[in-house]
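Here is the naming used below: chain letters follow the sequence lines, and residue numbers restart at 1 for every chain. Bear in mind that the values here come from a model prediction, so they are computed numbers and not experimental data.
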Amino acid sequence: MIYAFLTLWIVGALLIIRESKIIRMIIYLGIFSLISSVCFYMFGAPDVAIAEAAISVFSTVFFIVCFEKHFGLAVGVSDVTPESAENRTNLKKYIPPVVFTIFLFVLFIFFIPENPANSYLKDQYLSLFSRDVGGENSVTSIYLGYRVYDTLFEALMLLVGIVSVTHLSRYCETSVKEGKPSDINRADIAVFTIRVICPVMLLFGIYLILNGHISPGGGFQGGAAIASFFVCRYMIYDIYDIPIERIIMVEKIIYVVVVLLAVLFIFIGLHSFLPLPQSVYLITMNLLIGAKVTCGLIIIFYRFIAFERR
Amino acid sequence: MVFDIIEIFSVLMFFISFYGLITSKSIIKSVVSILLMESAVIMFFLSIGYTSGIMPPIGQNPETETVADPLPQALMITAIIIGVAVVAVNLIMLISLYRQCKAKDWDAAKKKSME
Amino acid sequence: MLAYFVIIPILIAVFLYVFPSSKAGRLIAVITQTALVGLAFYLFFICKSRDVVSNIGNYESFLGITLRADALSSVFIILTSFIFLIVAVYTFNEKYNGLFWFLLFIWEGLLIGIFLSRDLFNIFVLVEVTTVAVAVLIMFNRDNRSMYDGMVYLMINTVAVQFYLFGTGYVYKLTGVLDIDAAAKVLEELDKSSLILPYALIITAISLKCALVPLFSWLPKAHGTPGAPSAVSAILSGLHIKGAVYLFIQFNDLFKEVVVSEFFLIIGIITGIVGFIFAMSQKDIKLILAYSTISQIGMIITGLNNDDIYSYTGSLYHIFNHALFKSALFLSAGIIIKIYNTRDIYKIRGVLKRSPLIGAVIIMAILGIIGTPFFNGSVSKYFIFSGTSLPVGGAILLINLGTIITFIRFSSILFGKPQTEPDPAKTDKCKQAAVLVLGTLCLVGGILGEQLIEFLFNVKVSVDTAGYLQKSALFTASAVGGYLIYKLYIKNSPRLKQVREIELSFRGMCVSVGAFFAVVLVVTKLFA
Amino acid sequence: MQIAGNIIIIIGIIFMFFGVIGIYKFKNFYSRILISGQIDTVGALTVIIGIAVKHGISFFSLKLLLLAGIILLLNPLATHITARSARLSGYLAQEQEPPPHDKKDGV
C-alpha cells in the first residue's frame with residue numbers, strides 16, 4: 001500500500017518538474033502535497049501529516065494569490081518569458097542533465113550505508129516523555145519540552161519571514177476598504193456554504209490546539225487551521241479591514257512571551273517548584289504558538305493579496 | 001548492497017528535484033523544486049525505522065516495537081514551518097523582482113539586474 | 001547558562017523593533033553590545049581552564065539540546081560580539097529603521113548560537129534562519145541588483161541546507177542521536193564505508209557555505225552587491241563566513257575517520273588562487289574585497305588541513321585577523337563610496353588627501369592583509385607558511401603574491417587627484433572611530449602576535465630572529481615582485497575584462513553543487 | 001453487519017467506476033464536471049457510509065459520519081464553483097478547447 005502511494009508521489013513530482021504552465025504546476029503541487037500527507041500518515045506520523053496538509057493549503061493559496069495578481073493565471077501563461085520558451089522542444093539539450101542526475105543517483109545508492117537504524121533516542125523518549133514533560137503525545141512533548149530551544153528559533157523563523165515579507169512588499173497601508181469584489185461575492189451558494197463551514201473550521205482549529213498534548217495536532221497545525229478561516233473570510237467578503245500593523249505588533253509580543261515562558265519553565269525548571277500539573281505548560285505553550293502562527297499566516301496572506309495596493 | 005527500498009523513494013525524489021534545479025530556466029520552477037527537495041528530505045526522516053503496520057507514537061506507554069520514532073516527527077514539523085517561511089520569502093522576492101525587472105527567468109533577471 | 005548568550009540579543013532585537021529606533025533605543029543597543037563583549041571575555045576566561053557545558057532543561061543523556069563553549073568557540077564568540085559592537089557604533093547615526101537593527105541583532109544571536117550549539121538539527125535551524133535574515137539584509141535597499149543577488153544567495157543556500165539536512169538524517173539513522181559529541185562516539189565504532197555518504201552530504205553543504213572552489217559564485221554576489229549596506233557586507237565578509245569555517249572544523253572533527261585532508265588542502269589552494277585572479281580583475285571596490293575574501297578563505301582552509309600544529313594555529317589566528325582587516329576595509333569602503341558616490345576604483349582618487357584618517361586606516365588594513373612585518377597578517381601567514389612543506393608553502397606564497405598585487409591595485413584609490421568632485425558632506429564621527437579602532441587593532445595584533453596567540457589559543461609559539469629575517473626577506477621579495485608584475489602585466493591587460501565577465505548562473509551553481517558532491521564521494525571512497 | 005458494509009462499499013466503488021468511464025466518454029467540459037461531481041460526492045459518500053456500517057455504532061463511525069457531512073457540504077460547492085468560474089470567464093459548452101481555470105476550487 002505504502003509503495004503505491006510513494007510511486008504516486010514520485011509521479012506527481014515528475015509531473016510538476018516537466019510542466020511549463022504555471023497554473024497546472026500549482027494544481028499538481030496541491031495534489032503532490034495531498035499524496036505526501038497521506039504517505040506521512042502511513043509512516044505513523046499524523047502530526048506531520050496534519051501540518052503538511054495545512055501548509056499545502058497555504059502554499060497553494062500563496063502561489064495562486066501571488067501569480068494571479070502579477071502574472072495572470074490564464075491557461076496559456078508559461079513560467080518563462082517567450083524568448084526562452086522557444087527552444088524547449090530541443091530534446092538533445094535534455095540529455096546531459098538527465099545523464100548527470102542519473103549518475104548522481106546511482107552513485108548515491110551505491111554509498112547508502114547498510115547499517116540498520118539505531119533506536120537509542122527513540123527508546124529513551126518513548127519511555128521517559130510522560131515523566132519528564134507530560135502529556136500523551138510524545139511528538140508534542142519533544143517539540144515543546146526536550147527540544148524547545150529549536151522551537152524558539154522556528155518561531156523566530158516565522159517572525160523573520162513575516163518582517164521580510166512586509167519589508168519587501170512595498171506599501172504599508174493595507175487596512176483600506178477598496179478593490180473590486182470577487183466573483184464569489186455574488187455566488188450565493190458559495191457564500192452560504194462557506195458561512196456554514198467557517199465555524200466548523202474555527203472549532204477544529206481550537207480543538208487541535210487544545211488537545212495538542214494528548215492527540216495529534218498542536219499549536220502550529222491548529223494555528224494554520226484557524227488562519228485558513230481568515231482566508232475563507234477574504235474569499236467571501238473581499239475586504240481589507242484587518243489591521244496588519246497591529247497584528248504584527250501582537251505577533252512580536254507573543255514571540256517575546258513564548259521565549260520568556262520557555263525560559264521560565266524549561267531552562268530554569270519552574271515546573272518542579274510550582275504545584276501545577278505539567279499539562280498546563282503544554283497547553284499554554286500550544287495556545288501561544290497557535291496564536292502566533294495564526295497571526296503570522298494572516299499577515300503573510302494579506303500582504304500577498306494587498307501587494308502594491310495603495 | 002542491502003538497504004530499505006523505502007529509502008530509495010526519497011533519494012529518487014531528491015534527485016528529481018535536483019534535476020528540476022539544474023534544468024529550470026524559470027525562477028518559479030526553482031522555488032517549486034526546492035519545495036520538492038524539502039519534501040524528499042522530510043519523507044526520508046519519517047521513513048527512518050519504518051516497519052509495516054507502524055503506529056503513531058501517542059499514548060502513555062506505547063509499545064516500543066511497533067511505534068514510529070517520535071523524534072524525526074518533531075524535527076520535521078520544525079522543518080515544514082521553516083520551509084513555508086522560506087517559500088513565502090522566495091515568492092515575495094520573486095514578485096518584487098518581476099515588478100521591477102519584468103523577468104520571470106534567471107537569465108533575463110540577471111541581464112536586467114546588471115543594468 | 002549559555003543559552004542566554006543567544007536569547008538576550010534576540011530579545012533585544014525584538015525590543016528594538018517593538019519600540020522603533022530612537023536615539024535612546026540605539027544607545028541601549030550599543031550598551032548591551034558592550035556588556036555582551038564583557039560577558040564573552042568572562043566566558044573566555046572560564047573556558048581557559050574548563051569547558052562550559054549546559055544541558056537545556058537538564059534532561060539526562062542527550063535527550064535535550066546541549067550547548068558547549070570550549071576554548072575555540074569562546075574565542076569566536078568574543079570575535080562576534082566585538083565585530084557587532086564595532087558595527088553598531090558604525091551605524092549609530094545612520095537612518096535605518098527598526099527592521100535593520102532587528103535583523104542585525106538576531107543575526108548576532110544566531111551566529112553565537114552556531115558557535116555554541118552541539119546539536120546537528122539545531123545547527124540546521126540556526127543556519128536556515130540566518131540565511132533568510134541575511135538575504136533580507138542584503139536586499140535591504142530593494143534595488144534590482146541586490147534583489148537578484150539576495151535571491152540567488154537565499155536559494156542556493158537553501159539547496160545546500162537540504163544536503164546538510166539529508167546528511168543529518170543519515171547520521172541520526174546510523175547513531176540514533178543528534179548530539180555531535182555522542183554521535184562522534186558511536187561513529188568511531190562503525191564501519192568506515194558507512195560514514196562516507198553522510199560525510200559527503202554534510203561537507204558539500206558546509207563547503208558551499210565556506211565558498212570553496214566550485215561553489216563560490218554566490219559569495220561575491222552576496223558580499224559585494226552594491227545595494228547592501230556596508231555594515232552588512234562587513235559582517236558577512238568578516239564574520240559570517242567564519243561561522244561556516246567553524247562548522248567545517250567541527251564536522252571534520254566529527255568524521256575524522258574518513259576525512260581526506262589532502263583533498264581539502266588542494267581545494268583550499270585552488271580556492272586561494274582563483275580568488276585572487278578574480279579579485280585583481282574587478283573594478284568595483286566592493287567586489288574586489290569580496291573576491292579577496294574567497295582567496296583568504298582558501299588560505300585558511302589550506303592551513304587548517306595541513307597536518308601541522310603551527311599551520312593550524314596560524315589559520316585560527318588568520319580567521320581572527322581577517323575579520324579585523326576585512327571589516328575595516330569594508331567599513332571604510334562604505335565611507336568612501338558615500339563620499340565619492342561611485343564604486344569604480346578608476347574614478348576614486350586621492351582618499352588620503354580628502355580624508356587622511358580613512359586613508360590611514362585603509363593603509364593599515366592593507367598592510368595587514370598583505371602580511372607586512374609588524375602587522376597582524378604577517379604573524380598568521382608566517383605560521384601557516386612555517387608549518388608547510390615545499391609545494392604547499394610555495395602555493396601559500398603565490399596566494400600572498402596575488403593578494404599583494406590585488407591590493408597594490410586597490411591602493412591606487414589612495415593617491416592622485418580626485419577626478420569626480422567629492423561630496424563635501426562631513427564624515428560621521430562614529431564611523432571614523434569604528435574604523436580607527438579596527439585599523440589600530442591590525443597593528444596591535446602584529447606587534448603582540450605571539451602573546452595574542454598564546455592568550456587566545458593556548459599554543460606556545462616563538463619566532464626566532466632568523467625566522468623573522470627570513471619572513472621579512474620573503475615579504476620584501478614578493479612585494480617588489482608583485483609591484484613589478486602589476487606594472488608590467490596586470491595594469492592595462494585586456495584579459496581583466498574577460499575574467500570579470502565569467503559568472504555562473506543559478507543552474508550552473510546547482511550543477512557545481514552536484515559535481516562537488518560526487519567528487520567528495522569518490523575521493524573519500526578511494527583515499528580514506 | 002460486516003456483509004452489509006462490504007456491499008455498500010462495493011456499490012460505492014461501482015459508482016466511481018462508472019464515473020471514470022464517463023469522464024473518458026464525454027468530451028465536453030460541463031459534462032465532465034457533472035460526472036466528476038458524481039465520483040466525488042456520491043462515490044466517496046457511499047464508501048464512507050459503508051465503512052461506518054462495517055464498524056457498527058462506535059466513536060469511530062461518528063467521526064466518519066461527520067466527515068461524510070463535510071463532504072456532502074463541500075464537494076458540490078467545489079463542483080459548482082469550478083463550473084461557475086468557467087462560465088463567468090466566458091467558456092462556452094460548444095468549444096472544444098480546454099477550459100480556463102481561473103479559481104482553484106474549494107479553498
Side-chain angles (χ1 to χ4, degrees), chain A residues 6 9-10 13-14 16-17 22 25 29 36 39-40 43-48 51-52 55 58-59 62 66 70 79-81 84 97-98 101 104-105 108-109 112 114 117 119 121-123 125-126 130 136-139 142-143 147 150-151 154 157-158 161 164-165 168-169 215-216 220 300 307, chain B residues 1-3 7-9 11-13 15-20 22-23 25-26 28-29 32-33 35-36 39 43 46-50 54-60 62 64 67-71 73-74 76-78 80-82 84-85 87-89 91-93 95-96 98-99 104-105 107-108:
Chain A
L6 283 172
W9 188 59
I10 299 281
L14 284 174
I16 294 172
I17 290 296
I22 297 176
M25 204 147 70
L29 199 64
S36 15
C39 291
F40 294 160
F43 277 126
D47 294 82
V48 189
E52 169 76 26
I55 276 314
F58 269 91
S59 47
F62 288 163
C66 116
H70 303 287
D79 56 345
V80 289
T81 40
S84 34
V98 169
T101 314
L104 281 182
F105 176 61
F108 195 108
I109 288 182
I112 286 182
E114 296 167 11
S119 63
L121 270 190
K122 175 187 169 186
D123 302 340
Y125 278 132
L126 286 180
S130 58
E136 284 181 27
N137 184 351
S138 55
V139 178
I142 295 172
Y143 181 74
R147 299 187 70 86
D150 268 353
T151 310
E154 173 208 306
M157 180 74 180
L158 209 56
S164 34
V165 166
L168 293 174
S169 61
S215 72
F220 174 67
I300 296 179
F307 189 85
Chain B
M1 280 181 284
V2 187
F3 43 74
E7 209 171 310
I8 299 301
F9 283 97
V11 177
L12 186 60
M13 178 61 97
F15 283 103
I16 287 173
S17 48
F18 185 77
Y19 171 79
I22 65 176
T23 52
K25 284 199 174 69
S26 75
I28 302 167
K29 196 169 272 182
V32 172
S33 300
L35 251 175
L36 297 190
S39 188
M43 195 67 92
L46 293 182
S47 71
I48 292 175
Y50 171 78
I54 203 157
M55 296 294 290
I58 288 164
Q60 281 287 349
T64 318
V67 159
D69 193 347
L71 178 62
Q73 301 187 14
M76 284 311 110
I77 291 176
T78 310
I80 287 176
I81 300 177
I82 288 177
V84 74
V87 164
V89 176
L91 282 181
I92 208 89
M93 283 179 188
I95 303 177
S96 306
Y98 182 70
R99 291 208 79 91
K104 275 193 254 179
D105 41 347
D107 301 338

Less than 4.5 Å apart, side chain to side chain, heavy atoms only: is that true for [X] and [Y]?
| X | Y | value |
| --- | --- | --- |
| B:Ile8 | A:Ile112 | yes |
| B:Leu71 | A:Arg147 | yes |
| B:Pro57 | A:Tyr125 | no |
| A:Ile17 | B:Ser33 | yes |
| B:Met43 | A:Leu6 | yes |

For the interface with chain A, which of B:Gly20, B:Ser17, B:Ala88 has the highest count of heavy-atom pairs at distances below 4.5 Å?
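Option with the top pair count is B:Ala88.
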Residue, of B:Val84, B:Ile54, B:Thr78, B:Ile22, that accumulates the most heavy atom pairs under 4.5 Å with chain A:
B:Thr78
For B:Tyr50, is it the side chain, the backbone, both, or neither that has a heavy atom closer than 4.5 Å to a heavy atom of chain A?
side chain
Chain A contact via B:Thr23 - which portion, at a heavy-atom distance below 4.5 Å
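Only the side chain of B:Thr23 comes within 4.5 Å of chain A.
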Out of A:Cys39, A:Ala117, A:Ala45, which one racks up the most heavy-atom pairs below 4.5 Å with chain B?
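Option with the top pair count is A:Ala45.
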Which one wins on heavy-atom pair count under 4.5 Å against chain B: A:Val139, A:Ile16, A:Leu14, A:Leu29?
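Most pairs with chain B among the choices: A:Val139.
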Under the criterion side chain to side chain contact (heavy atoms under 4.5 Å, CB included), I'd like the reasoning laid out for B:Ser39 against A:Trp9: C-alpha separation, chi angles, the key distance, then a yes or no.
CA-CA 10 Å; B:Ser39 188; A:Trp9 188 59; 3.7 Å; yes
Quick one: does B:Lys29's side chain have a donor or acceptor within less than 3.5 Å of a partner on A:Met25's backbone?
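Flag not set: sc B:Lys29 to bb A:Met25 has no pair under 3.5 Å.
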For B:Val89, all residues meeting side-chain contact (heavy atoms from CB on, under 4.5 Å), sequence neighbours excluded
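Applying side-chain contact (heavy atoms from CB on, under 4.5 Å) to B:Val89 gives A:Ser164, B:Met93, C:Val132, C:Leu154.
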Residue pair A:Phe62 / B:Leu91: nearest heavy atoms and the distance that separates them:
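In this case the closest contact between A:Phe62 and B:Leu91 is CB-CD1, 3.8 Å.
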Which heavy-atom pair separates B:Leu36 from A:Ala13 by the least distance, and what is that distance?
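Nearest heavy atoms, B:Leu36 then A:Ala13: CD1-CB, 4.1 Å.
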